[in-house]
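In what follows, chains carry the letters A, B, and so on, assigned in the order in which the sequence lines appear, proteins first and then strands, with residues in each chain numbered from 1. Computation of the quantities below employed the complete heavy-atom set of this structure, encompassing side-chain atoms and omitting hydrogens, waters and symmetry-equivalent molecules.
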Amino acid sequence: MSQINVKVGENSRIFPAPISVAEALKSVDRDLLKKSLAAKVNGEEVDLSFELRPTDEVLSIEPILQETRDGLEVIRHSAAHLLAAAVLDLFPGTKLGVGPALMDDPRYGYYYDVITPETLTEADLPVIEKRMRQIAGKNLAYRREEISRDNLVKLFNERDEPLKCELINEKAGETATAYHIDNTSFVDFCLGPHVPNTNKLKAFKLLALSGAYWKGDANNQQMQRIYGTAFATQEELEAWLKQREEAEKRDHRRVGKELDLFSIQEDYGQGMIFWHPKGGAIRTEMENYLRDELQRRGYGMVFTPHIAKRQLWQISGHEENYAENLFEPTKLPEWMKEETEFRLKPMNCPFHIGIYKTHPRSYRELPVRYAELGTVYRAELSGTLHGLMRVRGFTQDDAHIFCTPEQVETEVGACVDFAYDVFKTFGFETFKVELSVRGEAHNKGFLGSHEDWENAENALVKALKAREIEYERIEGEAAFYGPKIDIKVEDSIGRLWQLSTVQFDFNLPERFELEYIADDNKPHRPIMVHRALFGSVERFFGVLIEHYAGAFPFWLAPVQIAILPITDRINEYAETVGDELRQAGFRVETNLKSDKIGAKIREAQIQKVPFMIVLGDKELEENKIAVREKNKGDLGAMNLDEFIETARKLRETRALTNV
RNA sequence: GCCCGAGUAGCUCAGGGGUAGAGCGCAUCCUUGGUAAGGAUGAGGUCAUGGGUUCAAAUCCCAUCUUGGGCUCCA
């Protein structure tokens, strides 16, 4: 029994006990050990220093290589420890919170939450980072220690680390594990695994400083969070930083300003969007497209007010369940002596229900589909506001479908098809679908009968399966009033945006006592489905700006054609050509400045105008136009009619490129 | 809301206890130039707002407003 039977890949070896994972790997393949950061023994993650115990079974060892996702996680987690060690070193008396690796956040790779004696500022980040490099350069070992819970609590008590003690008491079993970085004063309560030595951390960077509540709860004390990232190699880090720069360049706030699309004005109110003519042109196209599609798909367009009696929001349950996002009630002026209170609408649903209820419904008229570009107002915390992405007033491309249980599956399917069609039109190709359901353990607090939930979930699943759409099922993530499908899209630089949602609602039909008369001549409760495709028109606009980096396809471009006369002898001809194009329904700008043609072209390029029409004496003489496409350059001279034909086709097909 | 930044010309930003700066944009004039920047001249700012320190504040301090990054993907 003092032997250990080990399997690494296809290689089996027998070693005399004791032996560490590292030694076992090394004897199989020396290079393999070099590339390994940790390992999995029979599936369990361990450090390379882990001592294998004699046992009858064969221990299968799978190294965690640095180029894998697991490897990256180890690197980042270890970098977080290194960060904490540096902070402790620089700022004695610092209290530590938690410091995990972040694997799914494109912005950051890890963080550590700390409370330092003096609050940190961004100027401290380079200092901390420098100290991290110094420590890493000393080739210090990450050392794991198994220790009883009580002793570990004692240890952290002595170090005056109350938050750590709290965590240990919450999470640890009888025995806990602690990690040290040798020759530093840093110890952490941590499961590991970690890199064997700081020399494995070659590419890391600190990125940002922010506030964070202990355990994410605003009732708890606020700590300072230091964000960083780390990669296996310097090249990867640099590539990532470059990609980050790219993303910054296409930030919708920056592009929105450069192209004069929209503004947010501090003097008028935070979180409210002003659409300038150029943004307005894009929005008009988006809406026209949507309205066409809604009409084709059997929706009725409705328009409803922005405020309603407060009582309505009591019936709907918004005051009860959505209170934190509601604006306070408002009233008529004092002198009118009318006490009725009103509220700005946070959602459109009650209004659509109002229309549904204006007369008795027969099963023969179902499904009823109401669509509205409904502007809603929500009280978002000022700190969460962000450009077009998070605002206080926005327009939903909202719709509500009232139908019978038999119709649900078809209706849900049609919504999903609709969403996919819309996204493809705007040039999105990759989607991620999430099905949020009640979940086994969460029967409490959810409205509606068990049967309703089953049926609803089945309808959602069937609709997805019929379309062979892969989806992720998320237990317990449903809204309290019903299950839902969320659709996320991936933009041109690989970021995911949650846009569409299709949600069942068991709550409102109940609260508003919705009915239809079925073929049994009895009243039944209709099923209600909420559905939004863009989600918010403002937000979708923001996503589009970033997706296209401001270079909108022809049908959406705020200025589709720039007319650039070479000399002012041609101005009149330029105006004529411009007018004809406007008559043909295109958005045209004529540049009559006394700039040279190169400068005019440059300006149009910067404004990302799809087509330029260059006009000189030659064109005037021959009654032609010289066309230049934004990406392809000079296309040569052609007749205006010819060009209009091409442009019409691009517009009508909503082509994504100007081929 | 809370933590840390930031707020100077239309935009991007430099400066910094003692006449307010640049580039781009804009205007005027010269130039009429053939596919990514022609030249000259000029206009534009209570340095976010309010208070304080000081002989003196855009600069330092405090408050307010606005804005940016964030606010448990678990030890």
Side-chain angles (χ1 to χ4, degrees), chain A residues 73 77 80-81 96-105 107-108 110-111 113 115-116 119-125 149 152 156 163-173 176-179 187-192 207-227 251 253-254 257-258 260 263-271 324 379-387 564-571 593-607 612-619 626-630 632-637:
Chain A
E73 189 164 2
H77 195 177
H81 278 208
L96 299 177
V98 297
L102 300 175
M103 297 305 288
D104 297 320
D105 189 326
R107 299 166 301 175
Y108 305 115
Y110 56 85
Y111 64 80
D113 285 347
I115 301 173
T116 46
T119 44
L120 299 171
T121 75
E122 255 143 52
D124 292 315
L125 294 185
R149 180 179 58 197
L152 191 58
F156 277 112
L163 301 176
K164 284 290 172 199
C165 292
E166 187 182 328
L167 273 184
I168 296 162
N169 284 324
E170 274 172 31
K171 313 243 178 191
T177 54
Y179 272 84
V187 198
D188 207 348
F189 167 53
C190 180
L191 283 171
L207 299 168
L209 185 65
S210 78
Y213 296 106
W214 173 236
K215 293 181 178 170
D217 186 340
N219 297 316
N220 288 339
Q221 65 183 305
Q222 177 133 17
M223 312 184 68
Q224 285 195 290
R225 172 167 301 177
I226 304 169
Y227 280 104
D251 186 305
R253 292 165 301 185
R254 171 202 278 252
K257 209 175 272 180
E258 285 166 356
D260 195 16
S263 61
I264 298 166
Q265 305 192 33
E266 48 181 270
D267 296 340
Y268 289 69
Q270 317 160 55
E324 68 275 19
E380 300 286 353
L381 246 29
S382 61
T384 62
L385 299 176
H386 179 84
L564 315 176
I566 290 173
T567 87
D568 53 18
R569 285 192 302 281
I570 311 297
N571 284 0
K593 285 192 280 194
S594 68
D595 287 338
K596 291 173 86 164
I597 192 63
K600 292 187 183 183
I601 288 171
R602 181 179 150 83
E603 193 186 327
Q605 287 287 153
I606 287 170
Q607 288 293 309
M612 287 156 241
I613 292 180
V614 176
L615 300 175
D617 289 323
K618 209 163 46 172
E619 286 72 23
V627 178
R628 178 190 164 97
E629 199 274 335
K630 171 177 51 125
K632 281 179 292 191
D634 193 356
L635 301 183

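Residue A/Lys630 is out of contact with every strand shown, counting any heavy-atom pair closer than 4.0 Å. Among the atoms of the strands shown, base atoms are found under 4.0 Å from some heavy atom of A/Ala172. At the heavy-atom level, A/Asp617 lies under 4.0 Å from base atoms of the strands shown. As judged by a 4.0 angstrom heavy-atom cut-off over every strand, A/His77 is placed among residues touching the sugar-phosphate backbone only. As judged by a 4.0 angstrom heavy-atom cut-off over every strand, A/Gly598 is placed among residues touching the sugar-phosphate backbone only. Nucleic acid contact class of A/Glu170 (heavy atoms, under 4.0 Å, all strands): none. Nucleic acid contact class of A/Thr177 (heavy atoms, under 4.0 Å, all strands): none.
Under 4.0 angstrom from either OP1 or OP2 of B/rG33 there lies no side-chain N or O belonging to A/Lys600. One finds no side-chain N or O of A/His386 lying less than 4.0 angstrom from the OP1 or OP2 phosphate oxygen of B/rG70. Distances shorter than 4.0 Å separate none of the side-chain N or O atoms of A/Arg602 from OP1 or OP2 on B/rU35. Within the 4.0 Å cut-off from OP1 or OP2 of B/rG69, not a single side-chain nitrogen or oxygen of A/Arg107 is found.
A/Lys600 places a side-chain N or O within donor-acceptor distance of the main-chain N or O of A/Lys593, the cut-off being under 3.5 Å. Between the A/Gln270 side chain and the A/Gln265 main chain, no donor and acceptor come within less than 3.5 Å of each other. In this structure, A/Asp188 contributes its side chain and A/Cys190 its backbone to no donor-acceptor pair below 3.5 Å. A/Gln224 contributes no side-chain N or O that, together with a main-chain N or O of A/Thr116, makes up a donor-acceptor pair within less than 3.5 Å. A donor-acceptor contact shorter than 3.5 Å links the side chain of A/Asn220 to the backbone of A/Trp214. Checking side-chain atoms of A/Asn169 against main-chain N and O of A/Glu166 turns up no donor-acceptor pair under 3.5 Å.
Here the nucleotide nearest the side chain of A/Lys618, chosen from B/rG34, B/rA36, B/rG33, is B/rG34. Residue A/Asp104 places its side chain closer to B/rC73 than to any other of B/rU32, B/rG34, B/rC73. Listed nucleotides B/rC73, B/rU67, B/rG69 differ in distance to A/Tyr108; the shortest reach to its side chain belongs to B/rG69. Distance from the side chain of A/Ala599 is smallest to B/rG38 among B/rU35, B/rG33, B/rG38. Candidate nucleotides B/rC71, B/rG33, B/rG34 were compared by shortest atom distance to the side chain of A/Val614, and B/rG34 ranks first. The side chain of A/Asp634 lies closest to B/rU35 when the candidates are B/rU35, B/rG70, B/rG33. The listed nucleotides are B/rU32, B/rC74, B/rG69; the one nearest the side chain of A/Lys171 is B/rC74. When distances are taken from the side chain of A/Glu619 to each of B/rG34, B/rC26, B/rG33, the shortest belongs to B/rG34.
Comparing A/Gly97 and A/Trp214 along RNA chain B, the residue whose closest nucleotide (by nearest heavy atom) sits nearer the 5' end is A/Trp214. Comparing A/Leu381 and A/Val627 against RNA chain B, the residue whose closest nucleotide sits nearer the 5' end is A/Leu381.
A pairwise comparison of heavy atoms in A/Val187 and A/Ala178 identifies CG1-CB, 3.9 Å as the closest pair.
A donor-acceptor contact under 3.5 Å is formed by the side chain of A/Arg628 with the base of B/rU35. Contact of A/Lys215 with B/rC74 (side chain to base): no donor-acceptor pair of N or O atoms is detected under 3.5 Å. Counting distance only, with no hydrogens placed and no angle test, the side-chain atoms of A/Glu603 and the base atoms of B/rG25 include no donor-acceptor pair under 3.5 Å. For A/Tyr111 against B/rG70, a side-chain-to-base donor-acceptor contact under 3.5 Å is absent.
The CZ-P distance, from A/Arg225 to B/rC71, rounds to 6 Å in whole Å. Between the CG atom of A/Asp595 and the P atom of B/rU35 there is a distance of 15 Å, rounded to whole Å. When the C1' atom of B/rU72 is taken as reference, atom CE of A/Met103 falls 18 Å away, rounded to whole Å. If you measure from atom CD of A/Glu258 to atom C1' of B/rG25, you get 13 Å, rounded to the nearest angstrom. To the nearest angstrom, P of B/rU66 lies 17 Å from CZ of A/Arg253. Atom CG of A/Leu125 is separated from atom P of B/rG70 by 14 Å (rounded to the nearest Å). One can place OH of A/Tyr110 at 19 Å from C1' of B/rU72, the figure rounded to the nearest angstrom. Between A/Gln221 atom CD and B/rU72 atom P the separation is 15 Å, expressed in whole Å.
Note on A/Lys215 versus A/Asp217: no salt bridge recorded, every NZ/NE/NH1/NH2 to OD/OE distance being 4.0 Å or above. Ion pairing of A/Arg225 with A/Asp113 is present here, as a side-chain N (NZ or NE/NH1/NH2) and a carboxylate O approach within less than 4.0 Å.
B/rC4 and B/rU64 have their P atoms separated by 13 Å, given to the nearest Å. Rounded to a whole angstrom, the distance from the C1' atom of B/rG10 to that of B/rG25 is 7 Å. The same atom, C1', is picked in B/rG7 and in B/rA48; the two are 6 Å apart, to the nearest Å. Distance noted for atom P between B/rA9 and B/rC65: 22 Å (whole Å). Comparing the C1' positions of B/rC60 and B/rC47 gives an interatomic distance of 15 Å, to the nearest angstrom. Across B/rC11 and B/rU46, the matching P atoms stand 14 Å from one another, rounded to whole Å. Nucleotides B/rA57 and B/rU49 have their P atoms positioned 15 Å apart, rounded to a whole Å. The gap from the C1' atom of B/rA14 to that of B/rA22 amounts to 7 Å, rounded to the nearest Å.
B/rG44 adopts a syn glycosidic conformation, its chi angle falling within 90° of 0. Glycosidic conformation of B/rU19 is syn; the angle stays within 90° of 0.
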Please test A/Phe156 against A/Ile168 for side-chain contact (heavy atoms from CB on, under 4.5 Å), starting from the C-alpha separation and ending with a verdict. CA-CA 9 Å; A/Phe156 277 112; A/Ile168 296 162; 3.3 Å; yes
Steps toward side-chain contact (heavy atoms from CB on, under 4.5 Å) verdict (A/Asn219, A/Tyr213): CA-CA 8 Å; A/Asn219 297 316; A/Tyr213 296 106; over 6 Å; no
Based on Watson-Crick and G-U pairs with both distances under 3.5 Å, what dot-bracket line describes RNA chain B 5' to 3', crossing pairs as [ ] and inter-strand pairs as |? (((((((..((((....[..)))).(((((.......))))).....(((((..]....))))))))))))....
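Inter-residue side-chain proximity for A/Met223 and A/Leu163 is flagged as met; some heavy-atom pair is nearer than 4.5 Å.
For the atom pair A/Asn571 CG and A/Leu615 CG, the distance stands at 10.0 Å (nearest 0.5 Å).
By the 30° and 60° cut-offs, the orientation of the rings of A/His81 relative to A/Tyr179 is perpendicular.
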Contact string for nucleotides 4-11 of chain B, one letter per nucleotide 5' to 3', B = base within protein heavy-atom range under 4.0 Å, S = sugar-phosphate only, - = neither, reads SS-----S
